[in-house]
Amino acid sequence: MRAENNILENKKYSQCLKLMGNSFTITVVAGNEKTANGNIELAAQEIRRIEKLLTTYKEDSQTNQINDNAGIGPVKVDLEVFSLIERAIGISSITQGAFDISYGSIDKSLWNFDKTMTSLPDAQTALKMVHLIDYRNIILDRENTTVFLKEKGMRIGFGGIGKGYAAEMAKQVLIKNNVKSGIINASGDLSAWGLQPNGQKWTIGVADPDAPNKAFSYMEISNKAVATSGNYEKFVTINGKKYSHTIDPKTGLPITGIKSVTIIASNAEFADAMATPIAVMGIKAGLFLIDQIPDLHCIIIDDSNKIYTSKNIRLK
């Protein structure tokens, strides 16, 4: 049998799994179902491993140890966790604090985005809470791989970067295992590599924020990563106005004016981490920043359904 026929025999195999509290769809191209399932399980194991490291739902996780020792002392962590925090601080720096993993102090206490929420917290209460959000108070010691939160009550969380990191790491595990093509989709944060069985590039639909199950445009994403932050995912309506779950770390209040931000990058971790701060920064400042960074692209939809794109973006 000639080699080119083998390519045609490959098929797409997908499984949807609940991981990191989210729905992950892992798709691989393989010659048979057994091989595909084995590879999907490898990717799932990697995502579970990362979840154990980063979760705040397990008391003994490294994230919780860091949070429990806020204002007390440094905590030794795995180099992997240390490096992720280091990169997160780098993103905080380039976004001037619009991305900040120390948002954990306001997470549940101020905003819960469920049916019980009938009014906004007042601006003063919100401001009192956000004084603990400051990435500059995350003190790193690279020599000893320790992390210290300077202020008592500070908390870090990986909600803005963890899914993308997990998708990227799962992809790397599969590539090392000789999976030539696939997609890791972490609830809309996805990383794709290789080609479909028919030899064409992977494409995705960019969701219409008013009808998230419909696409307003299509984009080729082979060897790229895409992340979307939109107010259609999680929001609360108070007095007829929709408030996004995206909180501005400087005010503690939700952003308004932007329906969704889609980031296209070469790496899923970076795409995931950039989607929220661009929404916080606003259209003009957000696009200006995106255009300064090589291989980073962006689509923003405002409340009036106007579409803004960064330079060199091609929608179909």
Side-chain angles (χ1 to χ4, degrees), residues 53-56 61-78 80-113 120-165 229 243-256 258 261 263 269-270 272-282 285-286 288-290 292-293:
L53 281 181
L54 305 184
T55 184
T56 51
S61 76
Q62 295 192 13
T63 311
N64 275 341
Q65 286 171 33
I66 294 165
N67 291 340
D68 290 347
N69 285 281
I72 300 167
V75 172
K76 190 163 179 62
V77 296
D78 291 1
E80 180 178 6
V81 175
F82 184 92
S83 300
L84 182 61
I85 294 171
E86 198 171 47
R87 293 194 298 276
I89 290 171
I91 292 165
S92 294
S93 185
I94 62 170
T95 60
Q96 297 173 339
F99 175 86
D100 197 322
I101 59 167
S102 65
Y103 70 87
S105 56
I106 64 161
D107 222 15
K108 300 282 184 291
S109 47
L110 198 65
W111 290 98
N112 53 15
F113 290 100
L120 293 177
D122 68 89
Q124 288 310 105
T125 307
L127 263 179
K128 265 187 208 145
M129 299 292 289
V130 297
H131 81 279
L132 287 170
I133 302 176
D134 192 341
Y135 67 94
R136 291 163 301 191
N137 286 333
I138 303 171
I139 311 301
L140 300 182
D141 176 347
R142 181 161 257 288
E143 203 176 317
N144 297 303
T145 62
T146 62
V147 182
F148 175 47
L149 307 182
K150 226 159 112 178
E151 302 290 328
K152 210 161 181 51
M154 264 182 91
R155 291 177 64 78
I156 59 166
F158 294 96
I161 196 170
K163 279 191 313 185
Y165 176 62
S229 176
Y243 290 93
S244 162
H245 74 294
T246 303
I247 305 291
D248 183 338
K250 291 184 175 67
T251 63
L253 295 170
I255 63 151
T256 55
I258 290 178
V261 172
I263 300 282
E269 176 195 314
F270 194 42
D272 186 12
M274 289 301 286
T276 300
I278 295 303
V280 170
M281 291 170 80
F288 180 79
L289 174 63
I290 293 282
Q292 311 307 304
I293 300 171

Compare all side-chain heavy atoms of [X] with those of [Y] and state whether any distance is below 4.5 angstrom.
X	Y	value
Leu84	Glu269	yes
Thr145	Glu80	no
Ile101	Tyr135	no

Looking only at heavy atoms, what is the nearest atom pair of [X] and [Y], with distance?
X	Y	value
Ala98	Met281	CB-CG, 3.8 Å
Val280	Pro249	CG1-CD, 4.0 Å
Tyr103	Phe158	OH-N, 3.9 Å
Thr276	Ser229	OG1-OG, 3.9 Å
Glu151	Leu132	CB-CD2, 3.9 Å
Ala273	Phe99	O-CD1, 3.3 Å

Quick check against the 3.5 Å criterion: does [X] have a side-chain atom that pairs as donor or acceptor with the backbone of [Y]?
X	Y	answer
Ser61	Thr55	yes
Gln62	Val81	no
Asp248	Ile255	no
Gln292	Phe288	yes

**Request:** For the pair Ile91 and Met274, evaluate side-chain contact (heavy atoms from CB on, under 4.5 Å) and give the outcome as yes or no after the intermediate values.
**Result:** CA-CA 8 Å; Ile91 292 165; Met274 289 301 286; 3.9 Å; yes
**Request:** Could you name each residue pair satisfying salt bridge (charged side-chain N to carboxylate O under 4.0 Å, His left out) that touches residues 62-77, not counting sequence neighbours?
**Result:**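 Of all non-adjacent pairs touching residues 62-77, none passes salt bridge (charged side-chain N to carboxylate O under 4.0 Å, His left out).
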**Item:** side-chain contact (heavy atoms from CB on, under 4.5 Å) assessment of Val147 paired with Ile139
**Value:** CA-CA 6 Å; Val147 182; Ile139 311 301; over 6 Å; no
**Request:** State whether a side-chain donor-acceptor pair under 3.5 Å links Asp100 with Ser102.
**Result:** yes
**Request:** Applying side-chain hydrogen bond (donor to acceptor under 3.5 Å, both in side chains), name anything that partners Asn137, two or more places apart in sequence or on another chain.
**Result:**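 Partners of Asn137 by the side-chain hydrogen bond (donor to acceptor under 3.5 Å, both in side chains) criterion come out as none, since no residue qualifies.
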**Request:** Start with the C-alpha distance between Phe148 and Ile72, add both sets of side-chain angles, then the distance that settles side-chain contact (heavy atoms from CB on, under 4.5 Å), and finish with yes or no.
**Result:** CA-CA 8 Å; Phe148 175 47; Ile72 300 167; 5.6 Å; no
**Among Ile161, Thr63, Ile138, the one residue meeting side-chain contact (heavy atoms from CB on, under 4.5 Å) with Ile85** =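 For Ile85, the side-chain contact (heavy atoms from CB on, under 4.5 Å) test succeeds with only one of Ile161, Thr63, Ile138, which is Ile138.
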**Asked** Glu86: what forms a salt bridge (Lys or Arg N to Asp or Glu O under 4.0 Å) with it, not counting sequence neighbours?
**Response**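 Glu86 satisfies salt bridge (Lys or Arg N to Asp or Glu O under 4.0 Å) with Arg142 once adjacent residues are dropped.
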**Request:** Given side-chain contact (heavy atoms from CB on, under 4.5 Å), test Leu149 with Asn67 step by step and report yes or no.
**Result:** CA-CA 7 Å; Leu149 307 182; Asn67 291 340; 3.5 Å; yes
**Residues Arg136, Asp134: salt bridge by 4.0 Å N-O rule** = yes
**Rounded distance (nearest 0.5 Å) linking atom CZ of Phe82 with atom CG of Asp141** =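 Those atoms lie 6.5 Å apart.
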